[in-house]
Amino acid sequence: MPSSAPPEQEPLVLDPTGADPHAEHRALHARGPATRVDVLGVPAWSVSDPALLKTLLTSPDVSKDGRAHWPAFAETVQSWPLALWIAVRNMFTSYGADHRRLRRIIAPAFSARRVAALRPVVERITGGLLDELAALPPDAPVDLREKLAYPLPVAVIGHLMGVPEERYAHFRAVVDGIFDTTLSREEAMANTGALYVVLDELIATRRAEPGDDLTSLLLATPGEAGAEPALSHEELRDTLLLVISAGYETTVNVIDQAVYALLSVDGQLGLVRSGRVGWADVVEETLRHEAAVKHLPLRYAVRDIPLPDGRTIARGEAILASYAAANRHPGWHDDADVFDAGRLSKEHLAFGHGVHFCVGAPLARLEVEVCLRLLFTRFPGLALDLPAGGLPPFPSLISNGHQCLPVWLQGAGLGGTPG
């Protein structure tokens, strides 16, 4: 006989400031494979069990198209601060044949050949940023998140998309607002409007002056049967939005968390320097230990989905993929809360799973690996300037990084002064 469902609990209210994400992960685990949560006022099922999450991410019973499969969509987009995450029209929010069409159009831009061709670009940009760091006065700590982790992916994505260099700073400012879950609905709408102005300007520039970049490539891609264009203006704009949101803030966080772990966990940097692990191992363990995205809104049940404990995600209910909690599930990895670049299995869900697996994952891995290798080669004495209370987290229930990453470039003890 099927097991009886456990008694219903009050929804767990997710903290929009992300003040203590690891405590939140433990609370999710304690509530079972899936539990009801409140996401800035929107009810959803958070899934933090990796086995269940993998099943749902590959199931045709789960959609990312809220317009088609979420009865609350029309009402929610009018007032929810995270409306942009569900209202865009690109492969992030598509389902079935529509998703396959959109992914097929953008996938060539992230082919192995194109990503490999970006390696010297990433190395050049990283080298230039390290030159700027080396020129700073040595008598004060440097915020490595601000001076390296941010500008590197901004420049790489800007290069990939054909954004003029003089627009990088404004480009970054509006993208930051996408991940800020402390904004009001009005502030979020204003930021979205400013972001779309930037994207419209980029499209107009590349239409007038095509180049060897993603925007020009998408503009020139013919539709089925040779019809022009393959993407509507809205789809093109939102596809570019997806590229920058998926490839910018997330990469910032992986660089941030990787440097923090190497400088704060005893023996980890020594593993790399001894050759026992490689930089790619550090990247994968960082993605497992501190996924760049904690919770990713939203998916929807196409039909009733029975859960292992006897409960049911009803048709039309929202589902939240809680990637960071799943990666740290105690049933998946031994000592899951411990950062260990030498662990044999570093399997994770940081890039998603199934048909919506991040198409830009190879580029993100390349950027972080190059950044770490060149950074620790250039500054072998790098050390954290760790405040007594630790580093405050970035205020977001989505983005998983620190507000800042203060370091001494030439060496110091934790919380110490340069020696």
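Just so we're clear, the structure is a prediction, and the values are computed from it rather than from any experiment. FYI, side chains are in, hydrogens and waters are out, and symmetry mates aren't considered; it's all heavy atoms of this structure.
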Heavy-atom pair of closest approach, residues [X] and [Y]:
X	Y	result
Ala149	Pro153	O-CD, 2.9 Å
Leu218	Thr239	CD1-CG2, 3.9 Å
Phe379	Leu130	CZ-O, 3.9 Å
Ala301	Ile305	CB-CD1, 3.9 Å
Ala34	Leu52	CB-CD2, 4.0 Å

| query | From Asp337 CG over to Asp334 CG, what is the distance, rounded to the nearest 0.5 angstrom? | reply | 12.0 Å
| task | Any chance you could measure Ile255, atom CD1, to Leu144, atom CG, to the nearest 0.5 Å? | result | 9.0 Å
Quick one about [Y] and [X] (side-chain donor to acceptor, distance below 3.5 Å, no hydrogens or angles considered), yes or no?
X	Y	value
Glu249	Ser399	yes
His29	Ser48	no
Ser94	His99	no
Ser274	Arg276	yes
Thr35	Ser46	no
His233	Asp200	yes

In terms of heavy-atom contacts, does [atom1] of [X] have more than 12 from other residues, nucleotides or ligands at under 6.0 Å?
X	atom1	result
Arg273	CZ	yes
Lys54	NZ	yes
Glu75	CD	no

Between [X] and [Y], ring centroids under 6.0 Å:
X	Y	value
His289	His348	no
Phe92	His356	no
Tyr260	His402	yes

| Do the ring planes of Trp279 and Phe376 sit parallel (below 30°), tilted (30 to 60°) or perpendicular (above 60°)? | parallel
| Parallel, tilted or perpendicular for Trp70 and Phe73, by the 30°/60° rule? | perpendicular
Any non-hydrogen side-chain atom of [X] less than 4.5 Å from a side-chain atom of [Y]?
X	Y	value
Leu307	Trp45	yes
Arg206	Asp213	yes
Val62	Val302	no
Pro297	Ile398	yes
Glu187	Asp180	no
Leu53	Leu57	yes
Leu195	Ile244	yes
Leu298	Trp80	yes

Answer yes or no: is there a donor N or O on one side and an acceptor on the other, between the side chain of [X] and the main chain of [Y], under 3.5 Å?
X	Y	value
Asn327	Leu349	yes
Glu284	Ala341	no
Thr93	Val88	yes
Lys147	Leu129	no
Arg328	Val338	no

Taking the basic N atoms (NZ, or NE/NH1/NH2) and the acidic carboxylate oxygens, is any pair closer than 4.0 Å for [X] and [Y]?
X	Y	answer
Asp256	Arg145	yes
Glu317	Arg36	yes
Glu201	Arg167	yes
Arg373	Glu369	yes
Arg288	Glu285	yes

| request: Among Val282, Leu262, Val277, find the one that has a side chain to side chain contact (heavy atoms under 4.5 Å, CB included) with Leu271. | output: Val277
| task | For a side chain to side chain contact (heavy atoms under 4.5 Å, CB included) with Arg89, tell me which candidate from Asp238, Asp65, Leu236 qualifies. | result | Asp238
| said: For the residue pair Lys64 and Tyr300, would you count it as a cation-pi contact if the rule is NZ or CZ under 6.0 angstrom from the ring centre and within 45 degrees of the ring axis? | reply: no
| message | Run Glu235 and Arg101 through salt bridge (Lys or Arg N to Asp or Glu O under 4.0 Å) and show every step you take. | response | CA-CA 12 Å; Glu235 288 175 335; Arg101 173 182 69 88; 2.6 Å; yes
| said: For a ring pair (Phe, Tyr, Trp, His ring centres under 6.0 Å) check, start with the C-alpha distance between His69 and Tyr95, then their side-chain angles and the critical distance, and finish with the verdict. | reply: CA-CA 10 Å; His69 298 119; Tyr95 173 75; 4.9 Å; yes
